[in-house]
Amino acid sequence: MSGIFDTRIEYLKGVGPQKAELLNKELNIFTYGDMLQHYPFRYEDRTKFFKIRELREELESVQLIARIKSVELVGAGGKRRMVAHVFDETGEMEMTWFKGIQWVQKKLPVGAVYVFLGKPAQYGRKWSMAHPEMEPLTTANETRNKFQPVYSTTEKLRASFMDSKGISRIMEQLIPLAFPHIPETLSQDILHQYQLIGKPESIRQIHFPTAPDLLNRARKRLKFEEFFYLQLRLLTMKVTRTEKSRGQVLSSTDLLTDFYKNHIPFELTNAQKRVIREAFTDMKSGKQMNRLIQGDVGSGKTMVAFICMLIAISSGAQACLMTPTEILANQHYEGLKEYADMMGMKIALLTGSTKKSARSVIHEALGNGTLKILIGTHALLEDVVQFQNLGLAIVDEQHRFGVAQRAKLWTKNDEFIPHVLVMTATPIPRTLAMTLYGDLDVSVIDELPAGRKPIQTVHRYDKDRLKVFGFIREEIRKGRQVYIVYPLIEESETMDLKNLMDGYESIARAFPQYPLSIVHGGMKSDAKDFEMQRFIKGETKIMVATTVIEVGVNVPNASVMIIENAERFGLSQLHQLRGRVGRGAEQSYCILMSKYELSKDSRIRLETMVRTNDGFEIADVDLRLRGPGDLMGTQQSGISDLLIADLSKDAPILTVARDAAQQLLANDPELSHAENAPILRQIKQQKKTAVNWSRIS
Ligand code: ADP
Ligand code: MG
């Protein structure tokens with residue numbers, strides 16, 4: 001927006017320098033344009049009058065018409081309150097005031113009829129409303145037909161008469177002034193094709209709705225616009241990337257054929273095959289691959305990674321796999337070494353704890369190309385690590401890595417940017433994937449290997465602990481192994497660590513006959529590794545740990561996952577942890593332990609875990625509970641620019657907006673058609689104010 005929209009808010013009648021300064025500080029509102037975009041976050045429905053009999057607890061705000069029957073002062077001292085008994089033809093209720101009693105008293109003549117507005121609450125069988133707004137019934141307010149906007153505001157603003165109503169009054173000044181100057185920001189084609197109302201009208205309706213239907217259309221239009229520009233930006237980045245970055249052609253399948261014929265230990269699932277095909281298509285295309293593989297825990301991403309490595313190596317290139325933790329790097333190394341050995345292929349592990357002498361051997365073998373596969377942590381990113389020809393870089397459990405670290409991978413080959421595969425076990429709802437990774441191609445492994453028994457999940461309270469211990473004993477007797485996981489959160493680290501150690505001791509007392517492993521973040525990495533290895537080899541039966549085991553660890557014989565203080569974990573974390581079991585042929589179990597009193601959200605999280613094993617369903621619930629703001633990468637992706645659109649609720653609009661953006665770029669990639677001038681103008685305008693979008697992947 002430009003022109004009048006850049007006008008500073010203090011020049012608006014009724015605002016002035018003092019209020020303007022508060023608006024700057026409290027709401028980041030500097031200009032007319034900012035103010036117009038301070039959309040109401042909800043509306044009070046003044047179209048309906050409730051009857052007393054229709055009241056329900058869950059109603060946020062209702063208005064009703066009632067006649068005053070009697071008024072009395074009740075209680076004394078601090079508890080003194082004014083009560084007006086009122087009635088309509090369906091029942092009786094109370095209006096109460098704890099403050100401003102004298103002022104209210106004058107306004108409450110017995111027999112008068114008022115419109116009351118407020119939140120109804122029920123005490124016993126009696127309905128009441130505290131501090132309702134009220135005005136005498138007139139023909140005007142009885143026939144009034146509107147939605148009253150409610151604006152977010154702050155204590156300080158309220159103290160300066162800028163509560164929701166005050167902001168509404170500012171809008172009353174601003175909108176008539178601005179309306180004739182609000183530019184259309186979408187093309188006529190798009191407005192027409194998607195049946196959207198114009199920008200000026202939608203701004204007016206969003207602040208002063210004249211009818212529910214128009215308000216809905218205004219909201220839809222503004223949401224569409226936000227998604228549309230977000231998608232346009234991401235799609236443009238993707239086009240730029242694929243056009244600019246040549247990719248090494250990796251098209252040989254010699255090693256693959258050998259592996260399939262002679263070594264592969266199991267039949268690939270159809271989903272694995274499909275994803276390998278998708279990656280292969282990219283790798284041989286001559287364009288650089290930038291692909292995200294989403295696969296629920298246990299879906300077999302490692303094998304997909306290995307097969308893609310084989311394609312790269314067949315074609316004369318090298319491959320690397322980067323993991324967020326050393327434990328995970330070790331595990332991948334152990335697993336892949338088995339396959340690499342079968343194929344007579346050199347593979348190495350590089351982490352922070354790799355000895356100096358071993359390092360120089362690795363560096364040399366990388367440089368002369370004899371080392372084909374390098375597995376490791378971010379130690380891989382160090383400048384001294386130079387490949388002869390890195391063709392494929394795989395990043396496992398991507399959410400742990402920062403954007404900059406991934407970009408560093410790109411510099412590991414001078415001639416071509418390596419192909420990049422990012423693997424994540426955090427399923428992201430499609431809507432979010434489209435937005436977060438709009439510039440990545442996404443493959444989904446949506447099938448688990450056959451024969452897996454779904455993990456059984458239960459929720460138990462701390463008082464059931466003895467029974468749970470009994471269950472553990474039984475499972476160990478059957479030959480299984482058990483994880484017991486404790487939360488460890490930085491803010492409460494000391495407490496959590498004590499909790500973990502106490503837990504460890506009580507477990508040691510309960511199971512004196514079984515050796516235990518313990519792993520937590522405070523331990524040195526070789527100590528961690530030692531403990532982990534004992535568990536992997538089956539020497540210890542119980543692994544007591546913090547969430548360091550959350551990602552990737554694979555011990556098929558472990559069939560029981562106990563999560564202590566489960567209410568403190570987030571949903572995706574719980575799902576990740578649970579994914580550590582259910583990897584063998586045996587029935588596996590996940591037991592979520594919690595205290596008895598739970599917040600509403602905690603309860604929903606635990607119930608969701610008990611109800612389903614489906615990572616995508618879990619991710620959906622998670623998104624609804626937390627909102628997208630918490631998710632990694634949202635800062636860069638432009639999600640924080642969404643003022644009115646909501647990724648968790650407006651998926652259908654997002655899909656349509658994405659189609660529209662795609663269509664536009666297909667028909668007019670340069671946006672040179674006169675028809676698309678408004679869009680080009682808007683993009684330029686946004687660029688002026690925007691952060692740097694150039695590199696998010
Ligand atoms: P994740 O996707 O969680 O990384 P992994 O790659 O660790 O999963 O695989 C989980 C387990 O499933 C491993 O033990 C692996 O060997 C096994 N696995 C992978 N693919 C198949 C398959 N197609 N059939 C049977 N088992 C498989
Ligand atoms: Mg994995």
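Sequence positions, counted from 1, serve as the residue numbers for this chain. All ligand and atom numbering here is 1-based and tracks the order in the structure.
In the displayed structure, Lys273 atom NZ is contacted under 6.0 Å by more than 12 heavy atoms of other residues, nucleotides or ligands. Within 6.0 Å of atom CD in Glu364, 12 or fewer heavy atoms from other residues, nucleotides or ligands are found, so the atom counts as exposed in its surroundings. Around NZ of Lys478, the count of heavy atoms belonging to other residues, nucleotides or ligands within 6.0 Å exceeds 12. Shown here is Arg246, whose CZ atom has no more than 12 heavy atoms of other residues, nucleotides or ligands within 6.0 Å.
Glu278 and Ser443 share a donor-acceptor pair across their side chains, judged by distance under 3.5 Å alone.
Between Gly298 and ligand 1, a contact under 3.5 Å exists for at least one N or O pair. The shortest N or O to N or O distance between Pro556 and ligand 1 is not under 3.5 Å.
Tyr339 and Phe259 have perpendicular rings, their planes meeting at more than 60° on a 0 to 90° scale where under 30° would count as parallel.
Here is the list of ligand 1 atoms found below 4.0 Å of a heavy atom in Glu267: 22 (C), 23 (N), 24 (N). Heavy-atom contacts of Thr302 reach the following atoms of ligand 1: 4 (O), 5 (P), 6 (O), 7 (O) (cutoff under 4.0 Å). Of all the atoms in ligand 1, the ones that sit under 4.0 Å from a non-hydrogen atom of Thr269 are 23 (N). Remark: ligand 1 atoms within the under-4.0 Å shell around heavy atoms of Ser299 are 2 (O), 8 (O).
Under 4.0 angstrom from ligand 1, the non-hydrogen atoms of Leu268 all belong to its backbone.
The heavy atom nearest to atom 17 (C) of ligand 1, out of those in Met423, Arg583, Gln576, Arg452, is found in Arg452.
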